[in-house]
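Nothing fancy with the numbering, it's 1 onward along the sequence.
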Amino acid sequence: MINGRRQTRRYVLGDYLASNVAWFLFNIVRFHFPGIVAGGSLKAYLLSLRVIEGQIIFPLLMMGVYYLSGYYNQPFFKSRIQEFVQTLGSVLVNTLLIFFIALINDVLRIRIDNYELLLLLYALQFVCVYTVRAAITGNATTLIHQGKWQFNTFIIGCGPKAVKQMRELYEPRQALGYRIVGFIRVNDETPAPEVADRTYPIEELPRLCREMKIQELIVAPEEDNLVELHRLINTLYPLNLPIKLGIDEFNIISSRVRLTNIYGAPLIDMSNCAISEGNKNMKRVLDILVSALALILLSPLFLVLAILIKRDSKGPVFYQQERIGYRHRPFKIYKFRTMKADAEEGTPRLSEENDPRITRIGRVLRKYRLDELPQFWNVLKGDMSLVGPRPEREYFIRQIVERVPYYVLLHQIRPGITSWGMVKYGYARNIDEMIARLKYDILYLENMSLLVDLKIIIYTIRTVVTGKGV
């Protein structure tokens, strides 16, 4: 079994050492650059406080950029072309940052010397970093193709289609890294004779994944049924493992997804949306920064609202409810209470227009969406994002999936405080309205970007200010 964390550590250590070497070599060349250092020896220059501080600070700055680029998110199956282009881009960002932080004040004879120094820094960084990265990736690729590194994999299905999928994975002359350790029976399938002794019931899948250290799931059920396939994928999300589909299954899935393998049997990754790894990291960093700042700045408002809620009706200030989030995992969502304390007992109910359960202060909070503010804590914890599909309760999700199976695709990303659906449609009062709002969330899934998030946040602020939240 391949250890993904160990491989990630190799990349991190390699980048850090390469960045240090690149900066050290740059300082040597910089010492000899005409007009920068007047007098003194190279040794004295390299041991000066300013240079030593730079040797500590700038490689760490470079590592921050490499992390945000998403390079470390997927330690295996890296595209050589993508790795090359990604390194070019990351090094360019680092070069510009270092130039404006430290080099712009260098006194040079003519402007062209600035460009030469900038190009030199860029070239040294790229050569050092990409050489190390290419060596680590090449070594990993060789070991996988030789069959020395393998991923423990379950095929979800045990009929002829599952057997065909297994053969396609083993067919290429060079190994793809999959080690099929078993097959999972779904919907009372009859196991094919050649895999019967390695077939397990789906009820045991969570335990088996832990015990057998499973790293990949490949879905190949015998029955071509859209509803059942989406349900099956929905049950796999909580395992937090890559979920791959063959081309046959992909033909009946309605969403843009990521192709993960070109050489050999092509597989479609259903556990990740189309947004780049770099954008994922930047989105999460922005979530943390904005939610932490919001919780600090809005704390006086929280106190005022808490007093108003307590004076208006009996019950707690905050209301918590179980919702289903990223990878179909349940979490507790936090809101300011806007209904009577005993508003919902027994069967879950959605709010209605002029709902008698809503308190006087609750109507104001809902109108301006102030009841949603405590969800910044959910964002900080990682349960939610600032922007993403609205999280729903399991009770309603089951009803939605019965009618619109592709709803389960929304579990590829974190739910959000606000969303395209909330901006364009608003609160839903029944299942039909939930489904009508769903089309906007699917559009968001297909068009995710930081720019789209910014637009949604701007429209949300406008909705809050104008009081059109109900």
Exercise. Could you walk me through whether S19 and Q125 pass side-chain hydrogen bond (donor to acceptor under 3.5 Å, both in side chains), step by step?
Key: CA-CA 7 Å; S19 298; Q125 275 194 81; 5.7 Å; no
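- Taking the side chain as every heavy atom from C-beta outward, R366 and M339 approach each other to under 4.5 Å.
- Remark: K213 NZ to L208 CG distance equals 13.0 Å, nearest 0.5 Å.
- In this structure, N447 contributes its side chain and L443 its backbone to a donor-acceptor pair below 3.5 Å.
- Ion pairing of D441 with R390 is absent here, as no side-chain N (NZ or NE/NH1/NH2) approaches a carboxylate O to less than 4.0 Å.
- A heavy-atom distance below 4.5 Å is found between the side chains of I435 and R403.
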Exercise. Given salt bridge (Lys or Arg N to Asp or Glu O under 4.0 Å), test E392 with R398 step by step and report yes or no.
Key: CA-CA 10 Å; E392 301 293 353; R398 286 197 296 267; over 6 Å; no
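- Scanning for side chain to side chain donor-acceptor pair (under 3.5 Å) contacts around N240 gives R327, with sequence neighbours left out.
- Annotation: side chain of I417 is not in contact with side chain of M422 (no heavy-atom distance under 4.5 Å).
- Taking both residues in full, the closest heavy atoms of A192 and V163 are given as CB-CG2, 3.6 Å, listed atom of the first, atom of the second, then distance.
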Quiz item: Can you list the steps and then say if R414 with D383 is a salt bridge (Lys or Arg N to Asp or Glu O under 4.0 Å)?
Solution: CA-CA 7 Å; R414 287 184 177 90; D383 298 327; over 6 Å; no
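- To the nearest 0.5 Å, atom CD1 of residue I361 and atom CG of residue L305 are 7.0 Å apart.
- Under the 4.5 Å side-chain criterion, counting only non-hydrogen atoms from C-beta, I214 is in contact with V181.
- In this structure, CD in Q74 is found 11.0 Å from OG in S79, a value given to the nearest 0.5 Å.
- With hydrogens and angles disregarded, no donor-acceptor distance shorter than 3.5 Å links the side chain of E277 to the backbone of N73.
- Put simply, NZ on K335 and CG on N378 are 11.0 Å apart, with the number rounded to the nearest 0.5 Å.
- Applying the side-chain hydrogen bond (donor to acceptor under 3.5 Å, both in side chains) test to pairs two or more places apart or on separate chains, those with a residue in residues 286-296 are D287-S385.
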Quiz item: Can you list the steps and then say if Y66 with Y16 is a ring-ring contact (aromatic ring centres under 6.0 Å, His included)?
Solution: CA-CA 10 Å; Y66 296 145; Y16 183 67; over 10 Å; no
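- Y130 and F126 have parallel rings, their planes meeting at less than 30° on a 0 to 90° scale where 60° marks the start of perpendicular.
- The structure places CD1 of I57 at 11.5 Å from CE of M62, a figure rounded to the nearest 0.5 Å.
- The environment of CZ in R360 is sparse: at most 12 heavy-atom neighbours from other residues, nucleotides or ligands sit within 6.0 Å.
- Note: Y326 and F331 fail the aromatic proximity criterion, with ring centroids not under 6.0 Å apart.
- Of all non-hydrogen atoms in I218 and Q165, the two that sit nearest each other are CG2-CG, 3.9 Å.
- A perpendicular orientation is assigned to the rings of Y237 and H411, their planes being inclined by more than 60° (bins at 30° and 60°).
- Residues satisfying the ring-ring contact (aromatic ring centres under 6.0 Å, His included) test with Y11, not counting sequence neighbours, are Y71.
- Applying the 6.0 Å contact sphere to NZ of K78 captures more than 12 heavy atoms from other residues, nucleotides or ligands.
- Under 3.5 Å, the side chains of E83 and T137 contain a donor-acceptor pair of N or O atoms.
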Practice problem: Starting from the C-alpha separation in whole Å, work towards a yes-or-no answer on side chain to side chain contact (heavy atoms under 4.5 Å, CB included) for E216 and I243. | Solution: CA-CA 7 Å; E216 299 268 346; I243 302 169; over 6 Å; no
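- Closest approach of V423 and Y459 over heavy atoms only: CG1-CB, 3.6 Å.
- In this structure, Q7 and A140 approach most closely via the heavy-atom pair NE2-CB, 3.5 Å.
- Side-chain polar atoms of N281 and Y72 form no donor-acceptor pair below 3.5 angstrom.
- Within a 6.0 Å sphere centred on CD1 of I81, heavy atoms belonging to other residues, nucleotides or ligands number 12 at most.
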Exercise. Check the pair Y406 / L438 against side chain to side chain contact (heavy atoms under 4.5 Å, CB included), numbers first and verdict last.
Key: CA-CA 10 Å; Y406 56 81; L438 174 63; 4.1 Å; yes
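- Between R369 and E372 there is no salt bridge, since no side-chain N of the basic residue sits under 4.0 Å from a carboxylate O of the acidic one.
- Looking at heavy atoms from C-beta onward, L373 lies in side-chain contact with F376 at the 4.5 angstrom threshold.
- In this structure the side chain of R437 never reaches within 4.5 angstrom of the side chain of K424, judged on heavy atoms.
- Ion pair E402/R231 flagged as a salt bridge, since at least one NZ, NE, NH1 or NH2 atom sits closer than 4.0 Å to an Asp/Glu carboxylate oxygen.
- The line from CD1 of I442 to CG of L409 is 5.5 Å long, rounded to the nearest 0.5 Å.
- The ring-ring contact (aromatic ring centres under 6.0 Å, His included) test with F318 is passed by exactly one of F336, Y334, W377: F336.
- Atom CD of E204 is surrounded by more than 12 heavy atoms from other residues, nucleotides or ligands within 6.0 Å.
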Exercise. List the steps and the verdict of side chain to side chain contact (heavy atoms under 4.5 Å, CB included) for I155 and I184.
Key: CA-CA 6 Å; I155 292 183; I184 301 299; over 6 Å; no
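- Looking at R323 and Q321, their side chains do bring a donor and an acceptor atom within 3.5 Å of each other.
- For D188, the CG atom is loosely surrounded, since the number of other residues' heavy atoms within 6.0 Å does not exceed 12.
- Nearest heavy atoms, S419 versus P389: CB-CA, 4.2 Å.
- A donor-acceptor contact shorter than 3.5 Å links the side chain of K310 to the backbone of G315.
- Of the residues L301, I296, L295, the one that meets the side-chain contact (heavy atoms from CB on, under 4.5 Å) test with L298 is L301.
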Self-check item: Pair R363-T338, side-chain hydrogen bond (donor to acceptor under 3.5 Å, both in side chains): steps then yes or no
Solution: CA-CA 7 Å; R363 294 190 186 281; T338 60; over 6 Å; no
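- Nearest heavy-atom pair, L239 versus P206, reported as atom, atom and distance to 0.1 Å: CD2-CA, 3.8 Å.
- Side-chain contact check for T153 and R179: no donor-acceptor pair (N or O, by modelled atom type) lies under 3.5 Å.
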Practice problem: Begin from the C-alpha positions of D453 and K283 and carry the test side chain to side chain contact (heavy atoms under 4.5 Å, CB included) through to its verdict. | Solution: CA-CA 9 Å; D453 281 8; K283 181 178 171 70; 2.5 Å; yes
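- With hydrogens and angles disregarded, no donor-acceptor distance shorter than 3.5 Å links the side chain of E189 to the backbone of R185.
- With contacts defined as side-chain heavy-atom distances shorter than 4.5 Å, the pair K455/W420 does not qualify.
- Here the side chains of P300 and L303 are not in contact, with every heavy-atom distance at 4.5 Å or above.
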